[in-house]
Amino acid sequence: MILRKVVLIPFVLLCIAQSPTMRGQTTLAATPPMGWNSWNHFAEHVTDADVRTAADLMVSTGMRDAGYIYVNVDDTWQGTRDANGELHPNSRFPDMKKLGDYIHSKGLKFGIYSSPGPKTCGGYEGSLGHEVQDAQMYASWGVDFLKYDLCSMQDPMRELTAKNNGNTDAAFKMMIDAFRKMGDALKATNRPILYSLCQYGIAEPWKWGPSVGAQMWRTTDDINDTWGRMTIIGLEQADLAPFAAPGHWNDPDMLEVGNGHMTTDEYRTHMSLWALLAAPLLAGNDLSKMSPEDKSILLNKEVIAIDQDPLGKQPTRLYQRGDFSVWTKPLADGRVAVGMFNTALDSRDVALDLTQIGFAQGATLHDVWENKDLGKRTGIYSRNIPKHGVVLLILSK
Ligand code: GLA
């Protein structure tokens with residue numbers, strides 16, 4: 001993917017300078033959005049029945065009451081456009097309005113997916129040339145969330161870049177204009193529809209996302225259910241802390257917790273990192289098969305509270321020493337969440353210097369995953385952390 005990760009500071013600064021409303025619609029995502037998305041488990045096989053069942057399970061498993069409000073249909077719901085340009089869902093989704101009504105009847109919100117290009121990543125119909133019409137249709141279906149995925153728009157961007165001898169300015173402008181077009185179309189519906197950009201971090205969306213009306217933007221390429229991919233993504237977010245705040249969030253992609261290819265310690269690391277990062281928490285598991293461990297991770301109230309902290313700060317990576325890193329996140333009430341991560345292949349004894357993280361007089365420690373108060377500590381606090389494990393603490397004076 002040649003265009004990914006290319007940085008174009010002057011153009012980005014220009015976009016920001018032209019944007020008087022950087023904060024966007026803060027009320028829509030005062031804290032990082034939470035919900036469930038069909039892609040990570042069902043991928044291109046998802047059906048209306050799967051989504052209805054997911055909505056039922058969001059209630060019965062306690063996900064909804066823990067704060068996971070959005071039920072998002074990802075790619076592959078689309079059929080074809082009629083003579084008027086109106087897009088109809090495919091046969092797996094007989095009636096989107098009824099599906100939205102069903103989701104709403106459960107006290108949940110309805111999310112959908114499209115692309116600014118002619119085709120989605122799955123090769124289904126995108127919104128190019130039909131942005132206003134599609135946005136109006138989503139609003140008429142009661143849609144509350146749109147994930148808008150670059151996908152096939154990368155082809156004309158590549159052509160433009162080649163035509164300009166490798167200069168990406170015009171291609172990036174084309175992309176940002178396309179995202180703005182849908183942002184404006186959503187705003188014009190007068191329905192609060194959370195706008196989630198998915199373009200894998202190309203041209204630093206954290207700098208211009210708010211100016212096109214977005215509440216969240218993907219910062220990386222896709223996650224998958226492996227320790228390697230999850231940690232590459234999660235641990236590379238450290239520099240993006242200045243760009244997350246109430247109303248707009250960096251999105252390191254959806255959760256894989258419960259999809260079966262990581263250990264419980266690894267999923268705890270995943271959830272801890274995402275919570276510290278103030279990342280949107282979009283579960284992507286099969287809700288009908290949640291193990292007690294999956295539930296203990298996804299439904300952990302204290303971890304969710306770290307993610308949803310109203311201050312909306314991403315953490316600082318205090319240090320990285322080989323396979324051990326420490327991340328600290330200030331919370332609204334003055335406490336500090338601390339993640340101690342061991343990415344080594346064996347367990348490690350690790351030490352946290354409380355003075356170094358601002359607690360020279362000592363701190364009262366609470367272990368979040370153990371749900372245990374550890375009392376007042378001073379100086380160096382040492383722990384043994386299992387392979388690929390985490391100790392998540394809340395510190396108070
Ligand atoms: C891209 C996105 C994924 C998913 C798929 C659907 O890869 O990054 O999250 O939406 O498209 O095709």
Side-chain angles (χ1 to χ4, degrees), residues 1-5 32-47 50-51 54 68 70-79 87 89-90 92-93 96 110-128 134 138 143-155 157-158 175 178-179 182 193-206 209 214-226 229-230 232-234 236-237 240 249-259 261 270 274 277 279-286:
M1 192 69 51
I2 44 165
L3 281 162
R4 293 188 180 186
K5 309 278 170 201
M34 292 175 65
W36 176 90
N37 172 296
S38 60
W39 186 254
N40 283 357
H41 175 70
F42 289 102
E44 70 274 21
H45 305 294
V46 65
T47 66
D50 295 331
V51 178
Y68 295 87
Y70 291 97
V71 172
N72 295 349
V73 181
D74 206 273
D75 201 357
T76 74
W77 60 266
Q78 308 87 336
L87 178 59
N90 62 44
R92 296 196 306 276
F93 287 88
M96 292 305 254
F110 177 30
I112 206 164
Y113 169 101
S114 189
S115 169
K119 294 287 173 200
T120 67
C121 295
Y124 286 66
E125 195 66 21
S127 290
L128 181 68
D134 285 0
Y138 303 149
V143 163
D144 306 296
F145 184 118
L146 173 68
K147 173 175 170 183
Y148 208 44
D149 194 347
L150 187 63
C151 301
S152 62
M153 178 155 269
Q154 288 173 103
D155 296 336
M157 287 172 68
R158 277 190 202 101
M175 172 184 69
F179 279 105
M182 182 51 93
I193 299 178
L194 195 153
Y195 188 29
S196 164
L197 309 188
C198 179
Q199 42 78 283
Y200 339 114
I202 296 171
E204 302 184 308
W206 42 92
Q215 284 77 36
M216 55 189 265
W217 44 83
R218 279 270 296 279
T219 56
T220 71
D221 246 321
D222 291 13
I223 196 167
N224 59 44
D225 188 19
T226 62
R229 185 71 195 136
M230 182 277 287
I232 283 174
I233 291 181
E236 83 174 12
Q237 306 294 307
L240 300 184
W249 307 100
N250 294 309
D251 173 15
D253 207 355
M254 302 175 288
L255 295 168
E256 291 284 4
V257 177
N259 281 333
H261 294 96
H270 183 11
W274 264 237
L277 289 167
L281 297 180
L282 294 171
N285 57 322
D286 180 353

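Side-chain atoms are counted along with the backbone in the values below, which use heavy atoms only and exclude waters and symmetry mates. Ligands are counted one by one from 1 in listed order, and the atoms in each one are counted from 1 as well.
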Quick one: sort the W77 and Y138 rings into parallel, tilted or perpendicular, breaks at 30° and 60°.
perpendicular
Please state which part of K147 comes within less than 4.0 Å of ligand 1, counting heavy atoms only: side chain, backbone, both or neither.
side chain
What do you reckon, does D253 have a nitrogen or oxygen under 3.5 Å from a nitrogen or oxygen of ligand 1?
no
Is the shortest side-chain heavy-atom distance between H41 and N285 below 4.5 Å?
no
In the protein, which heavy atom is nearest to atom 12 (O) of ligand 1, and how far is it?
D75 OD2, 2.8 Å
Does a side chain donor of either D253 or Y200 reach within less than 3.5 Å of an acceptor in the other side chain?
no
Show the atoms of ligand 1 that are less than 4.0 angstrom away from any heavy atom in G122.
12 (O)
What orientation do F42 and W36 show, parallel under 30°, tilted 30 to 60°, or perpendicular over 60°?
perpendicular
Would a 4.5 Å heavy-atom cut-off, applied to side chains only, mark K147 and M254 as touching?
yes
For residues C121 and Y113, determine if any side-chain heavy atom of one lies less than 4.5 Å from a side-chain heavy atom of the other.
yes
Would you call D222 a ligand 1 contact, heavy-atom distance under 4.0 Å?
yes
What protein heavy atom sits nearest atom 11 (O) of ligand 1, and how far off is it?
D149 OD2, 3.0 Å
Can you confirm, on distance only, whether ligand 1 has an N/O atom lying under 3.5 Å from any N/O atom belonging to R218?
yes
Under the criterion side-chain contact (heavy atoms from CB on, under 4.5 Å), which of D74, N40, N72, L255 is the partner of L282?
N72
Can you list the ligand 1 atoms lying under 4.0 Å from a non-hydrogen atom of C198?
2 (C), 8 (O)
Considering heavy atoms of the protein only, find what lies nearest to atom 10 (O) of ligand 1 and give residue, atom and distance to 0.1 Å.
D74 OD1, 2.6 Å
for atom 5 (C) of ligand 1, nearest protein heavy atom and its distance come out as W39 CE2, 3.6 Å
